[in-house]
J.: 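Just passing along the structure, written as structure tokens.
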Amino acid sequence: MQYTNLIWRDGQPYSELFDDIYYSSSDSEDVSGEGEFQHVFFKHNGLPERWQGRKNFVIAELGFGSGLNCILTIREWLKHCAECNKEKTLHYIAIEKYPFSAATIVELIARYPELKPLCDELLENYPPAIETTHSRRLFDNRVHIHFKFMDVCNALENHRLNVDAWFLDGFSPAKNPNMWSQKLFDLIAQNSDDGATCSTYTCAGLVKRNLKKSGFVVNKVTGFGKKREMLVAELPVSKKSVAQANDITTSSLKYKDKPWFEPPLPGPVTIKSATIIGAGIAGLSLAYALVQRGWMVTIIDKKNDTIKEASSNPAPIVYPRLSINNDIDTEFFIAAYCYALYLFKSLQKKSHRQFWFDDGLLQLMDEKRISQIIKKFQFNSDFISVVEDLTGTTPAGEKEQVTVNYASAGVVLPAILYDVLKSECGSKLNIIDEEVTRINYDGKKWQCIYASQIIKEAETLIIANGSGINDLGLSLIFPVETIRGQVIELNENLESQKIKKTHNADVHITPAINTKHYLGASYVRNCEMMEICLIDNKKLFNSLNKNHPGIFKEDDACKTWVGFRTLSKDRVPIVGAIPDASFFNNEYADIRHGNTIKAYQPAHYLNGLYISAAHGSRGFTSSFISAEIIASQIAAEPSPVNKKILDYLSPSRFLVNNLKRG
């Protein structure tokens, strides 16, 4: 994906691809972009009146374009929040297959100088041109923008966004028919909350018919400017929603619907407070995500337990996992990587101590494989590129491998990052230095217990304690293992100063950070030894010298770190609500037969219990997006990833796979 180009014609901004106007740049407010916004999208979606009494509101725009509609909506929302003096969040889903660069948006919004402060904050957090969902919490958490840089159908498939109002602002049906197809309107209906409204400048018969076929009640109203008429639509309250509101349980899901992966419904929460077991990166990222949503958080962890986990790695590297034959895994790690980079940059601005070193990463990869990956996912060179062997690291006999440059990858220093996260959470975070040996649900709250003593009770509890996830007394046992690893800290020398980026081959070596390089990491199964293994250090040095001969001596080593990564048996993180194993074993006992006729109940979960674990060696890449996933489930917000990814990460998957095998 690349940023798209803008064409100016007779003083009007046009799309290079569709030869259609973005908005009128006339000085007359009767025909300008702002006038169109007020008439077509704001007024005819019942705004701002529909914001009254709502804590959250979801708007989706199909065709983000210049961002003008988004910025104007934010202006009105912030004005509304100031008038009602309440904590509220606007979720703005901005869908754009051909995004502009930040510089082009500045050019387009320049004629609205009063919008500059809003535009500046949006563009300071503007995403790179990478096909994924980019989440941004802005304006003191009063606005959450979900940039979806992708095809509109891909943006809505496998989602349940519960949109309240749709701004249908694609190019005209004659210029871009895909933005007005029946398939798309079906997806719009699928992602709509009951009573959702749509408005669009067009009055085309095709659009009217397709909206009606998707279940919307459609009307013509007075159009804007030279348009005599335009369309507005509303999705009526469904019988299904009435049944859900009356707490009526129906068994209408079939095998193809994967009822075992139906997401949990938000439970009744009397207070916005959560407890997290585990103070590593998974736990702290969860605390940060919840505090951003106004929650109070308690973390419980014994300091000595955290020290041995992967979170205490002195300098982990951050880069994505890319696969040619597992699209869901690649999609997850692209989203995770992009969000982690954004968060590191944002948090680094708030800290005078540097913890994020984004010098890039060079990795040896199979030439055919990486070429296929770049072509398949349309990555641009700012994200990933094949470069000349700048390092001299390609071993003899391995010339089929090439050097791949991750320009934005880097190294993070967890100790400083943890301090920054805790500081950002402030008084909303409390940390208890204690061990939890068991958890128990008393019918209303989860009890965190040490021996026979209740340490803490909570309606919402999240397990994020790495290798200890199976030690809390749950009936469900997760198939995980711990992998022992060692990282060596090396003194910088004159030769090593030539290393400007992290090099990742058999092992990785970082550039000098505060005069120290970090060499890692060994990978040893079935070993719980906490003492330094000299044999492992020797192997690390041998691999290093194969790729960087003569740069380091063993005498350069000044410290060795030992830690343990927690890994699931399928090498995928475990993220989401914890299933009710008893219900699964009863309701889905026969799914191994693949009965396509039988109706099943949707999945049941243990009330208010979630997990984020098994991030392996990529915890500093995957933990932050995983925290957003869980926080969005708890707060009933649009998910930062689609349902395919949610199912892929689901803690239920192991139960389901066992039941399918029989």
J.: Hey, is the main chain of Leu184 close enough, under 3.5 Å, to the side chain of Ser181 for a donor-acceptor pair?
T.: yes
J.: For Pro602 versus His604, what's the shortest heavy-atom pair and its separation?
T.: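 In terms of heavy atoms, the two residues are closest at O-CD2, 3.2 Å.
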J.: What do the steps show when you test Trp260 against Phe584 for side chain to side chain contact (heavy atoms under 4.5 Å, CB included), and what is the final call?
T.: CA-CA 8 Å; Trp260 40 85; Phe584 269 65; 3.8 Å; yes
J.: Which distance, rounded to the nearest 0.5 Å, do you find between the OG of Ser385 and the CG of Asn405?
T.: 4.5 Å
J.: Looking at every heavy atom in both Ala189 and Leu235, which two are closest together, and how far apart are they?
T.: O-CD2, 4.0 Å
J.: Looking at every non-hydrogen atom in both residues, tell me the closest pair between Pro236 and Asp194 and how far apart they are.
T.: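 Closest heavy-atom pair between Pro236 and Asp194: O-OD1, 3.5 Å.
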J.: Compare all side-chain heavy atoms of Thr202 with those of Met230 and state whether any distance is below 4.5 angstrom.
T.: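 SC-SC contact between Thr202 and Met230 ruled out.
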J.: Run the side chain to side chain contact (heavy atoms under 4.5 Å, CB included) check on Phe167 and Thr73 step by step: do they pass?
T.: CA-CA 11 Å; Phe167 296 175; Thr73 302; 3.4 Å; yes
J.: Would you check if there is a donor-acceptor pair between the side chains of Asn45 and Ser199 at a distance under 3.5 Å?
T.: yes
J.: Is the backbone of Leu649 close enough, under 3.5 Å, to the side chain of Arg653 for a donor and an acceptor to pair up by distance?
T.: yes
J.: Is the backbone N or O of Tyr201 less than 3.5 Å from a side-chain atom of His39, with the two atoms forming a donor-acceptor pair by type?
T.: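 Not at all, since once roles are kept as given, no pair shorter than 3.5 Å links the two residues.
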J.: Just by distance, no angles: are the side chains of Gln182 and Asp186 close enough, under 3.5 Å, to form a donor-acceptor pair?
T.: yes
J.: For a side chain to side chain donor-acceptor pair (under 3.5 Å) check, start with the C-alpha distance between Asn162 and Asn191, then their side-chain angles and the critical distance, and finish with the verdict.
T.: CA-CA 5 Å; Asn162 295 322; Asn191 282 278; over 6 Å; no
J.: Nearest heavy-atom pair of Phe216 and Cys198: which atoms, and what distance?
T.: CE2-SG, 3.6 Å
J.: Can you list the residues that meet the side chain to side chain donor-acceptor pair (under 3.5 Å) rule with Ser622, with sequence neighbours excluded?
T.: His615
J.: Return the minimal non-hydrogen interatomic distance between Phe377 and Ser323, and the atom names on each side.
T.: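 Distance-wise, the nearest heavy atoms are CE1-O, 3.7 Å.
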J.: Calculate, to the nearest 0.5 Å, the distance between atoms CG and CD belonging to Leu72 and Glu34 respectively.
T.: 5.0 Å
J.: Could you state the interatomic distance from CE (Met365) to CD1 (Ile384), rounded to the nearest 0.5 Å?
T.: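 Result: 6.0 Å between the selected atoms.
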J.: What is the minimum heavy-atom distance between Leu156 and Leu187, and which atoms define it?
T.: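 The answer is CB-CB, 3.9 Å.
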J.: Give the intermediate values and the outcome of salt bridge (Lys or Arg N to Asp or Glu O under 4.0 Å) for residues Arg142 and Asp140.
T.: CA-CA 5 Å; Arg142 287 173 290 179; Asp140 295 325; 3.7 Å; yes
J.: Counting only N and O atoms by type, is there a donor-acceptor contact under 3.5 Å from the side chain of Asp257 to the main-chain atoms of Pro259?
T.: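 Side chain of Asp257 to backbone of Pro259, a donor-acceptor pair under 3.5 Å: no, none is there.
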J.: Excluding sequence neighbours, so at least two apart, what forms side chain to side chain donor-acceptor pair (under 3.5 Å) with Gln38?
T.: none
J.: Tell me whether Glu96 contacts the main-chain N or O of Gly65 through its side chain, where contact means a donor paired with an acceptor under 3.5 Å.
T.: yes
J.: For the pair Lys97 and Met150, evaluate side chain to side chain contact (heavy atoms under 4.5 Å, CB included) and give the outcome as yes or no after the intermediate values.
T.: CA-CA 4 Å; Lys97 185 177 182 180; Met150 61 189 73; over 6 Å; no
J.: Is there a side-chain contact between Val207 and Leu211 (heavy atoms, below 4.5 Å)?
T.: yes
J.: Please answer whether the main-chain N or O of Ile324 pairs with a side-chain N or O of Lys376 as donor and acceptor at a distance below 3.5 Å.
T.: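 Confirmed, Lys376 side chain pairs with Ile324 backbone.
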J.: Could you walk me through whether Lys208 and Glu229 pass salt bridge (Lys or Arg N to Asp or Glu O under 4.0 Å), step by step?
T.: CA-CA 12 Å; Lys208 182 178 179 181; Glu229 294 177 314; over 6 Å; no
J.: Can you tell me which residue pairs pass the side chain to side chain donor-acceptor pair (under 3.5 Å) test with a partner in residues 143-152, sequence neighbours excluded?
T.: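 Output for this query lists His91-His146, Thr133-Lys148, Arg137-His144, Lys148-His159.
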J.: Without swapping roles, check the side chain of Asp193 against the backbone of Ala196 for a donor-acceptor pair under 3.5 Å.
T.: no
J.: Tell me, which pairs form a salt bridge (charged side-chain N to carboxylate O under 4.0 Å, His left out) where one or both residues lie in residues 53-64, sequence neighbours left out?
T.: Arg54-Asp164
J.: To the nearest 0.5 Å, what is the distance between OH on Tyr92 and CD1 on Ile74?
T.: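 The CD1 atom of Ile74 is 8.0 Å from OH of Tyr92, to the nearest 0.5 Å.
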J.: Working to the nearest 0.5 Å, report the span between CH2 of Trp77 and CG of Leu90.
T.: 5.5 Å
J.: Only pairs under 3.5 Å count here: list side-chain donor-acceptor contacts from residues 121-131, not counting sequence neighbours, and write none if there are none.
T.:
residue : atom : partner : partner atom : Å
Glu121  : OE2  : Phe139  : N            : 2.7
Asn125  : OD1  : Tyr342  : OH           : 2.9
Asn125  : ND2  : Glu121  : O            : 2.7
Tyr126  : OH   : Phe100  : O            : 2.6

J.: Has Arg618 got its NZ or CZ under 6.0 Å from the middle of the six-membered ring of Tyr319, at an angle within 45 degrees of the ring axis?
T.: yes
J.: Could you walk me through whether Leu231 and Val221 satisfy the side chain to side chain contact (heavy atoms under 4.5 Å, CB included) test, starting with their C-alpha distance in whole Å, then the side-chain angles of each, then the deciding distance to 0.1 Å, before giving a yes or no?
T.: CA-CA 6 Å; Leu231 296 178; Val221 296; over 6 Å; no
J.: Report the relative orientation of the aromatic rings in Trp51 and His80; use parallel for angles under 30°, tilted for 30 to 60°, perpendicular for over 60°.
T.: tilted
J.: I'd like to know if the side chain of Ser632 reaches the main chain of Glu628, judged simply by a donor and an acceptor atom lying under 3.5 Å from each other, with no hydrogens or angles considered.
T.: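 Yes, because the side chain of Ser632 sits within donor-acceptor range (under 3.5 Å) of the backbone of Glu628.
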J.: Could you tell me if Ser626 and Ser623 have a donor-acceptor pair between their side chains, going purely by distance under 3.5 Å?
T.: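 Not at all, the side chains of Ser623 and Ser626 share no donor-acceptor pair under 3.5 Å.
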J.: Verify, without hydrogens or angle tests, whether Asn380 (side chain) and Gln2 (backbone) share a donor-acceptor contact under 3.5 angstrom.
T.: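 Checked: no pair found.
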J.: Verify the ring-centre separation between Phe624 and Phe344: is it less than 6.0 angstrom?
T.: yes
J.: Once side chain to side chain donor-acceptor pair (under 3.5 Å) is applied, do any residues pair with Glu331, and if so which ones, sequence neighbours excluded?
T.: none
J.: Regarding Thr89 and Arg293, do their side chains bring together a donor and an acceptor under 3.5 Å, going by distance alone?
T.: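 Checked: Thr89/Arg293 side chains show no N/O donor-acceptor pair below 3.5 Å.
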J.: If only side-chain N and O atoms count, and only distance matters, is there a donor-acceptor pair under 3.5 Å linking Asp590 with Tyr255?
T.: no
J.: Strictly by modelled atom types, are Thr197 and Trp166 linked by a side-chain donor-acceptor pair under 3.5 Å?
T.: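 No, no side-chain donor-acceptor contact under 3.5 Å.
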J.: Tell me whether the rings of Phe583 and Tyr588 are parallel (<30°), tilted (30 to 60°) or perpendicular (>60°).
T.: perpendicular
J.: When the ring planes of Tyr406 and Phe383 are compared, do they come out parallel, tilted or perpendicular, using 30° and 60° as the limits?
T.: perpendicular
J.: Go through the steps for Asn642 and Tyr648 under the test side chain to side chain donor-acceptor pair (under 3.5 Å), then give the verdict.
T.: CA-CA 10 Å; Asn642 64 35; Tyr648 184 65; over 6 Å; no
J.: Quick one, Arg321 and Arg571 - any side-chain contact, counting heavy atoms below 4.5 Å?
T.: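 Of all side-chain heavy-atom pairs linking Arg571 with Arg321, at least one is under 4.5 Å.
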